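Below is one structure, written out as structure tokens, with a few remarks after it.
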Amino acid sequence: MTVAEPAAPDSAAPVASDRGRVYPGPPFTAVPGLLRKLWFDRLAMLTDAASEYGDVVKFAMGPKTLYFFNHPDHAKHVLADKPLNYHKGLGLAEARQLMLGDGLLTSEDEIWKRQRRIIQPAFRRDRIAGFASVVTDAGQALVSRLGTQVGSTVDLSEEMTRLTMSVLGKSLLAADLSPLRMLGPAFEVAQDRAMFEMVSLGAIPLWLPLPRNLRFRKAKGQLEDAVEVLVSGRAHAGGRDGTDMLSMLSAAYADDPDARKRWRVMRDELITILLAGHETTASTLSWTWYLLSTHPEAAAAMHAEAVEVLGNRTPDHEDLARLPYTTTVIQETMRLYPPVWGLTRKSVAADMIDGYRVPAGADVMISPYTLHRHPGFWPEPNEFRPERFASSATPVANRYAYIPFGAGPRVCVGSHLGMMEATLIAAMVARDFRFELPAGARAVPEAMLSLRVRGGLPVTVRRV
Ligand code: HEM
């Protein structure tokens, strides 16, 4: 890949003495339009602002101000260099209050450190390699289901959610989640409420008997029931050896005399892992199928690799290294459609980023979606070109221009599991099938906590 010179920070921006440089950004008169975009099209709001104002944008939206930083060096500063000064922010803060509590994704400081220490061993590389057979069993079941649907329409988003939930249960939790099929829809409702809370600035209290609130209460109840089932062991699949995440958590808190605290910790951690561990990988796979259905030459190359490397056998962990093209397809998919499109943070103390003053308590946005399409780092940024990630290509000039798994200490704990799962499943499915979109259809991203395909991904299944 040829790489353009990194865009230099805009040194022409005016400087306002010790208060730092003056932020570019939309004028006050743009507020109604911004609020509309924040609700209907968050990605367009960020993309349009980056192309109009550059790498730093201040959105002053009435009672809320959002500081949007869009240079890889800014991402490094916030996520990796000064992580203690940036707690989790918009969207996640609401999700924390509504459902995630102090799980690994949303906890801070000492609580986070302790939880990460307890949970991290469940994600060791050798353990992840051992989960390959769980992934390929789920892949086999998916291939069989698709085999009975050739010529019919299937919603691949739904299929990917079902698959990733099953893998998550059988790998990390040693549990069969198939009786808990309401989990996917329940998370959807809960996230919808969290995003609504974010964009309505908390103006609509949860106790009001509005349909959205009632749906949320039901979904939250379902999630907590699912946790009960898991904690009580009623969903255990065989082969539990005490090293799954559920056992590690129980053991870590077994001596705590406070039963309510024990329950709370398990609840928060399990709901978090159920959400973080399935949606992101399902989103990656859904977008992969969408991009392949619109790029037949890439689909053909991936099919050819799968046939050549796998033949008729079931893949294993070692095959990952033998599927370089498939890997680049997944990487390029996560560049164009990063499942976590926004890394939101709230500053603890005032700070300076690239000469711009960030006040204490400011809402800061780093967006993998816009960084991954930054024209200063990615030639033809909106084109799907898996070759960018080939081992023979020049790597991107700044590694923080590609952060699908985040960066710094809060980097994704499940990245190896997610990558392995997406790559093996993609190869197994592409070996036998291709997918056709309805004529003229175009998938539209929906920026919730993760990047969904709006309205699902109905396709016609064809055998290759
Ligand atoms: C392709 C798949 C995945 C992607 C793109 C992804 C992306 C991310 C990103 C960007 C973050 C950082 C969030 C932030 O800094 O605010 C994150 C954190 C996290 N992810 Fe993933 N993830 C994936 C798969 C998984 C899987 C499979 C699991 C678990 C089974 C998982 C569990 C978590 C957890 C628990 C955190 C919070 C870590 C912490 O703060 O210590 N993720 N993920």
Side-chain angles (χ1 to χ4, degrees), residues 75-76 78-80 83 86-93 95-96 100-109 111-120 122-124 127-128 131 134-135 138 160-161 163-173 175 177 244-246 249 268-288 327 329-331 333-346 364-369 371-372 400 402-426 449-451:
K76 177 173 181 288
V78 171
L79 304 174
Y86 292 94
H87 282 177
K88 296 292 176 110
L90 285 172
L92 282 180
R96 177 188 193 183
L100 299 179
D102 273 336
L104 197 57
L105 189 62
T106 40
S107 54
E108 302 290 353
D109 303 327
I111 299 183
W112 169 76
K113 230 187 253 170
R114 167 151 203 226
Q115 294 300 92
R116 180 113 183 181
R117 240 193 335 260
I118 295 170
I119 289 173
Q120 181 102 28
F123 291 89
R124 274 199 337 249
R127 287 187 52 78
I128 300 300
F131 295 149
V134 171
V135 171
M160 295 306 112
T161 303
L163 175 128
T164 55
M165 194 64 103
S166 151
V167 168
L168 180 68
K170 296 213 174 103
S171 56
L172 288 174
L173 307 176
L177 300 182
D244 62 278
M245 215 190 90
L246 204 55
L249 274 171
D268 292 355
E269 257 354 307
L270 284 175
I271 291 190
T272 295
I273 222 71
L274 285 170
L275 173 70
H278 90 281
E279 271 232 0
T280 43
T281 315
S283 158
T284 304
L285 280 165
S286 296
W287 287 110
T288 301
T327 307
V329 167
I330 301 293
Q331 288 168 316
T333 300
M334 287 196 298
R335 184 185 70 79
L336 284 172
Y337 297 105
V340 181
W341 59 276
L343 300 168
T344 55
R345 296 294 191 263
K346 201 177 248 320
V364 172
M365 165 70 85
I366 303 288
S367 168
Y369 183 87
L371 278 173
H372 292 182
Y400 291 88
Y402 184 66
I403 50 169
F405 294 107
R410 304 299 297 253
V411 71
C412 178
V413 75
S415 59
H416 298 305
L417 177 59
M419 254 332 262
M420 171 182 74
E421 186 175 352
T423 312
L424 292 182
I425 296 295
L449 285 181
S450 65
L451 198 60

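Just follow the structure's listing: the first ligand is 1, and inside any ligand the first atom is 1. Treat the numbers as computed from the prediction; the structure is a model and nothing was measured.
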Inset, instruction - Given side chain to side chain contact (heavy atoms under 4.5 Å, CB included), test Val413 with Arg116 step by step and report yes or no. - result: CA-CA 8 Å; Val413 75; Arg116 180 113 183 181; 3.9 Å; yes
Legend entry - Under the side-chain hydrogen bond (donor to acceptor under 3.5 Å, both in side chains) test, residues paired with Thr423 that sit two or more places apart: none
Legend entry - Test side-chain hydrogen bond (donor to acceptor under 3.5 Å, both in side chains) applied to Ser367 - qualifying residues, sequence neighbours left out: Thr370
[X], portion touching ligand 1 at heavy-atom distance under 4.0 Å:
X	answer
Leu168	side chain
Leu104	both
Ile273	side chain
Leu172	side chain
Lys88	side chain
Arg410	both

Legend entry - Sequence-distant partners of Arg335, salt bridge (Lys or Arg N to Asp or Glu O under 4.0 Å), two or more places apart: Glu332
Legend entry - Sub-4.0 Å heavy-atom approach of Pro404 to ligand 1: yes
Legend entry - Sub-4.0 Å heavy-atom contact, Arg345 with ligand 1: yes
Legend entry - Within-2.8 Å protein N/O/S contacts of atom 21 (Fe) of ligand 1: Cys412 SG
